[in-house]
Amino acid sequence: MPAAQFAVFGHPISHSLSPQIHQAFARQFGIELEYRAIDAAPAGFAAAVRRFFADGGRGANVTLPHKAAAYALAEQRSTAATRAGSANVLTPLADGRLAAHNTDGDGLVRDLTERHNVDLRGHTALLLGAGGAAHGVAWNLLDAGVETLTIVSRTAETADALADAIGEPARAHTRYWSDLAGIGSYDMIINATSAGVLGVSLQLPPSLVGARALCYDLSYGTAASSFLSWAAAAGARYAFDGLGMLVETAADAFELWHGQRPDTEPVYQALRRRSA
């Protein structure tokens, strides 16, 4: 019997650790599976996904830049995916339709609160970016007790749209990117932009970093290095990349597909040692 087929879709995708993570999870339960990375340009994404599932694919993760497109492809959507308007997990239903899930926010909060022992309650947070990644985490940060969420994007309209969707003007509001040098400091800064993945420097003012600030990049590895270097130079107390979030979101997807919850810590530690 051939191994069950799973994949991650992105563009670019060669850097993805998802195949290693899912294989490690599968070994914990003696499950045989094949998990591959599929590079799909935006114009060909929908067709590539349909082809994968038509050929018997059992589940797919989705990363930049396809999370909104994945949501649009699905006929059934989880609550988290619906409020984010984006999806990072696709699962086939018995009738051939696709179900969309978004595990980004849960994964981020679990990494911060359980792995890094951060109490999110009362934080003033700055969210950089307003695309699919930002949509995936914004609500969860507020649910976890973040006091205020200031959303800043190079495209002001996308930031406004995210704040409007959240619908809590007293807690979630926007500022212009050009205002960053004068809007004061924050005790949590989340980088949800794709700048690091694209190799672009954000050129952020150090004044954003509060005295005991936590800085977190949703990317990991090389893609997060520029932001984390800036955070350290600006005096951030904590600077984390998104490796732990990646492992946690993968665990959520694995549980959706296999009905079993993997132990994430040994997988996270092994990947961290490998990247050290």
Side-chain angles (χ1 to χ4, degrees), residues 64-65 67-68 83-86 104-105 108-109 111-113 116 118-220 223-242 245:
L64 289 169
K67 292 183 178 183
R83 68 181 185 175
S86 65
D104 281 339
L108 169 63
V109 169
D111 185 43
L112 282 170
T113 59
H116 298 301
V118 175
D119 185 349
L120 296 176
R121 291 174 296 181
H123 280 72
T124 58
L126 176 66
L127 180 62
L128 301 171
H135 279 254
V137 303
W139 279 267
N140 298 76
L141 289 168
L142 292 166
D143 290 346
V146 165
E147 185 174 333
T148 61
L149 186 68
T150 301
I151 305 162
V152 182
S153 173
R154 290 194 185 280
T155 308
E157 292 80 8
T158 61
D160 289 339
L162 176 52
D164 289 345
I166 292 169
E168 291 190 58
R171 296 181 69 201
H173 49 267
T174 64
R175 296 294 297 266
Y176 291 110
W177 194 274
S178 57
D179 294 339
L180 283 176
I183 61 175
S185 61
Y186 295 82
D187 50 33
M188 174 179 289
I189 302 172
I190 306 289
N191 181 24
T193 73
S194 56
V197 175
L198 300 174
V200 177
S201 174
L202 288 175
Q203 301 296 318
L204 299 168
S207 56
L208 291 172
V209 177
R212 296 166 58 84
L214 180 154
C215 294
Y216 193 105
D217 197 310
L218 301 189
S219 300
Y220 57 89
S225 60
S226 177
F227 175 77
L228 297 184
S229 295
W230 166 80
R237 184 180 184 189
Y238 305 105
F240 303 126
D241 71 359
M245 173 182 167

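Start at 1 with the first residue, then count along the sequence. Atoms considered below: every heavy atom in the structure, side chains included; atoms not considered: hydrogens, waters and symmetry mates.
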- Any side-chain hydrogen bond (donor to acceptor under 3.5 Å, both in side chains) pairs touching residues 124-133, not counting sequence neighbours? Thr124-Asp187
- Check Ala144 against Val109 and note the closest heavy-atom contact, atom names and distance. CB-CG1, 4.1 Å
- Message: Side chains of Glu157 and Thr155 only: does a donor on one sit below 3.5 Å from an acceptor on the other?
- Response: no
- Search all heavy atoms of Ala163 against all heavy atoms of Ala172 and return the closest pair with its distance. CB-O, 4.1 Å
- Query: Given side chains that start at C-beta, do those of Arg237 and Leu214 come closer than 4.5 Å, heavy atoms only?
  - Reply: no
- Can you measure from OG (Ser194) to CG (Leu218) and round to the nearest 0.5 angstrom? 11.0 Å
- Working to the nearest 0.5 Å, report the span between OH of Tyr186 and OG of Ser207. 10.0 Å
- Message: Determine whether Leu202 and Trp230 satisfy the following criterion, side-chain contact (heavy atoms from CB on, under 4.5 Å), listing intermediate values before the conclusion.
- Response: CA-CA 9 Å; Leu202 288 175; Trp230 166 80; over 6 Å; no
- Verdict with reasoning, Leu162 to Ile166, per side-chain contact (heavy atoms from CB on, under 4.5 Å): CA-CA 6 Å; Leu162 176 52; Ile166 292 169; 4.2 Å; yes
- Message: As an exercise, state the distance from CD1 of Ile189 to OG1 of Thr150, rounded to the nearest 0.5 Å.
- Response: 10.5 Å
Please report, to 0.1 Å, the donor-acceptor pairs under 3.5 Å made by any side chain of residues 134-141, with sequence neighbours excluded.
unit_1: His135; atom_1: ND1; unit_2: Ala84; atom_2: O; d: 3.0
unit_1: His135; atom_1: NE2; unit_2: Ala130; atom_2: O; d: 3.3
unit_1: Asn140; atom_1: ND2; unit_2: Asp106; atom_2: OD1; d: 3.0

- Could you go through the side-chain contact (heavy atoms from CB on, under 4.5 Å) check for Leu128 and Trp177 one step at a time? CA-CA 9 Å; Leu128 301 171; Trp177 194 274; 4.3 Å; yes
- Query: Roughly how far apart are Glu147 CD and Leu142 CG, rounded to 0.5 Å?
  - Reply: 11.0 Å
- Item | Residue from Leu180, Val209, Asn191 passing side-chain contact (heavy atoms from CB on, under 4.5 Å) with Leu204 | Leu180
- Task: Using the test ring pair (Phe, Tyr, Trp, His ring centres under 6.0 Å), find all partners of His173 that sit at least two apart in sequence or belong to another chain.
- Result: none
- Item | Full working for side-chain contact (heavy atoms from CB on, under 4.5 Å) between Arg175 and Leu126 | CA-CA 10 Å; Arg175 296 294 297 266; Leu126 176 66; over 6 Å; no
- Note on the structure: Residues Ala192 and Leu127: closest non-hydrogen pair is CB-CD1, 4.0 Å
- Enter the distance from Ile151:CD1 to Thr158:OG1 here, rounded to the nearest 0.5 Å. 9.5 Å
- Task: Please round to the nearest 0.5 Å and tell me the distance separating atom CD1 of Ile190 and atom CE of Met245.
- Result: 9.0 Å
- Task: On the 0 to 90° scale, with breaks at 30° and 60°, tag the Tyr216-Phe240 ring pair as parallel, tilted or perpendicular.
- Result: perpendicular
- Message: Quick check against the 3.5 Å criterion: does Arg171 have a side-chain atom that pairs as donor or acceptor with the backbone of Val146?
- Response: yes
